[in-house]
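One structure is given here, and the rest of the page talks about it.
Because the structure is predicted, anything quoted here is derived from the model rather than measured.
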2 protein chains.
Amino acid sequence: MNSFTEENYLKAIYKFSLTHKKGASTNSIAKALNTKASSVTDMLKKLALKNLINYKKYYGVTLTSKGKQIALSIIRNHRLWEVFLVDKLNFNWDEVHELAEELEHIKSEKLITNLDAFLNFPTLDPHGDPIPTKNGKIKNIKMIDLSQFKINQEGVFIHVKDSSDKFLKYLSKNNLEIGVKIKVIEMESFDNSFKIAYNNQQLIISENVAKNLYIKN
Amino acid sequence: MNSFTEENYLKAIYKFSLTHKKGASTNSIAKALNTKASSVTDMLKKLALKNLINYKKYYGVTLTSKGKQIALSIIRNHRLWEVFLVDKLNFNWDEVHELAEELEHIKSEKLITNLDAFLNFPTLDPHGDPIPTKNGKIKNIKMIDLSQFKINQEGVFIHVKDSSDKFLKYLSKNNLEIGVKIKVIEMESFDNSFKIAYNNQQLIISENVAKNLYIKN
DNA sequence: CTATATTTTTAGATTAATCTAAAAATATTA
DNA sequence: TAATATTTTTAGATTAATCTAAAAATATAG
Ligand SMILES: [Mn+2]
Ligand SMILES: [Mn+2]
Ligand SMILES: [Mn+2]
Ligand SMILES: [Mn+2]
């Protein structure tokens, strides 16, 4: 069995692989896990020994298929628990991440299988992220971030990239929820800000915000 | 914050106090937690330093009120999770203990408050054990074990003492569930075994089994 | 009340995960 | 490509939880 710590390293390496071609660097992992590079090196040696990562000193690491499978199952747990907390226990979407970080490590096949059924086999978590299947299949949803939109273009908001509670609270405050139809009505080339319309309201958002809102493609 | 390990020690000391007048001995704790006496001594020093136990070298330990409060809150978590697993996720009562041992340590006030509400404020867990309130109040249910019954005496089975999965499976197999009305119809003074009747069946049980079945008083 | 048995504590190691500081390797840039 | 900057690894400590073996304290029995 792998420790919570090992599982968190695998998850971090997996997440890195989603946005980068090359393997994750020691420093990138250290940053993601809020630890020091030297600690990461130690752990990489250990994970390599367990055949969970491909590690060559001084070069980045990638997951082996065994490592990837573990990472995906932890992510599955995480997202199912987030659905549980929001749908059943009335949590807000900005309150669930830290708790799910703990719950995800509880290992019980039956627990997850039955939780999945209890939740009616959800495919997306509260932040629009796809939930991997039991066999580690994960749907690749086609989407682009709002900053790439042209004027008058519109689409459905389906995913939020930054899921820090600060950002999520900002979105909630402005009624920007998953499923809302958004239309770009103005663009400011000066600072790349956008004016958007949705429901019955309008809002000016910074480029940074736009880059974190993903729209169905 | 206290580690999982510390919390388990506090729980063990609390449980010991339920059946014994004197403080828990180093050895009794070691046995309960499946560890060595020397490890227990180390931990007792640490808990004493944190003012969670009353510890005097070579004599037993008792919980301080702070320690007791923590123990009760962990037990509350444990029992609420057991109710969740049985009532919502269709687990059997003999499958939940180990999982609850892990879930009980997840610290979130809101999680437990909302889980409690979601479960409709249960007062008993699947094994008939009372669930402490948020403020650490725990109902003392009046009950006696079946071995003290006389012939023809009857009562409702409300609590099982030994909650090992082996014993629980034995009870399930014989349809002995919490809430069943049991009547003693024969006693064998030779080995203190009992013949009992309940629902539409009869069963001969050993003294050991009788001592683990508690009946409402 | 002394000798023996039992229990508890201490001493000294070990393992996992972490850190700081220094050394080594790789990457950049002029 | 050589100097410099950056990244990564190593060396050596630290902290929590555990262990074995030995010493010390307490309990028990004749
Ligand atoms: Mn999350
Ligand atoms: Mn999420
Ligand atoms: Mn239990
Ligand atoms: Mn129980």
Look at the side-chain N and O atoms of A:Tyr58 and state whether any lies under 4.0 Å from the OP1 or OP2 oxygen of C:dA23. no

Side-chain N or O of A:Lys45 versus OP1/OP2 of D:dT10: is the shortest distance under 4.0 Å? yes

Residue B:Thr41, side-chain atoms from C-beta onward, closest of D:dT18, D:dC19, C:dT8: C:dT8

If the cut-off is 4.0 Å, is B:Lys57 near the phosphate of C:dT10, judged by side-chain N/O to OP1 or OP2? yes

Within this structure, what is the CG-to-P distance between A:Leu47 and C:dA16, rounded to whole angstrom? 13 Å

Would you say a side-chain N or O of A:Asn27 is under 4.0 Å from OP1 or OP2 of D:dT6? no

Distance-only side-chain donor-acceptor flag, A:Ser25 / A:Asn27, under 3.5 Å: no

For D:dT18 and B:Ser39 - does any side-chain N or O of the residue sit under 4.0 Å from the phosphate oxygens OP1/OP2? no

Using a heavy-atom cut-off of under 4.0 Å over every strand shown, decide if B:Phe4 touches base, sugar-phosphate, or nothing. nothing

If the threshold is 4.0 Å, N to carboxylate O, is there a salt bridge linking A:Lys11 and A:Glu7? no

Here the distance between atom C1' of C:dT14 and atom CG of B:Asp42, to the nearest Å, is 13 Å

Contact check, side chains of A:Trp81 and A:Leu115, non-hydrogen atoms, under 4.5 Å: yes

Rounded to whole angstrom units, what separation is found between the CG atom of A:Asn2 and the P atom of C:dA16? 13 Å

Can you see if the side chain of A:Tyr59 gets near the phosphate of C:dT26 - specifically, an N or O under 4.0 Å from OP1 or OP2? yes

Taking B:His97 for its side chain and B:Ser164 for its backbone only, find out whether a donor-acceptor pair lies under 3.5 Å. no

Of C:dT10, D:dT8, C:dC19, the nucleotide closest to the side chain of B:Ser38 is C:dT10

Any B:Tyr55 side-chain nitrogen or oxygen under 4.0 Å from OP1 or OP2 of C:dT9: yes

Is there a side-chain polar atom (N or O) of B:Ser3 under 4.0 Å from OP1 or OP2 of D:dA16? no

Looking only at side-chain N and O atoms, does A:Asp125 offer a donor or acceptor that is under 3.5 Å from a partner on A:His78? no

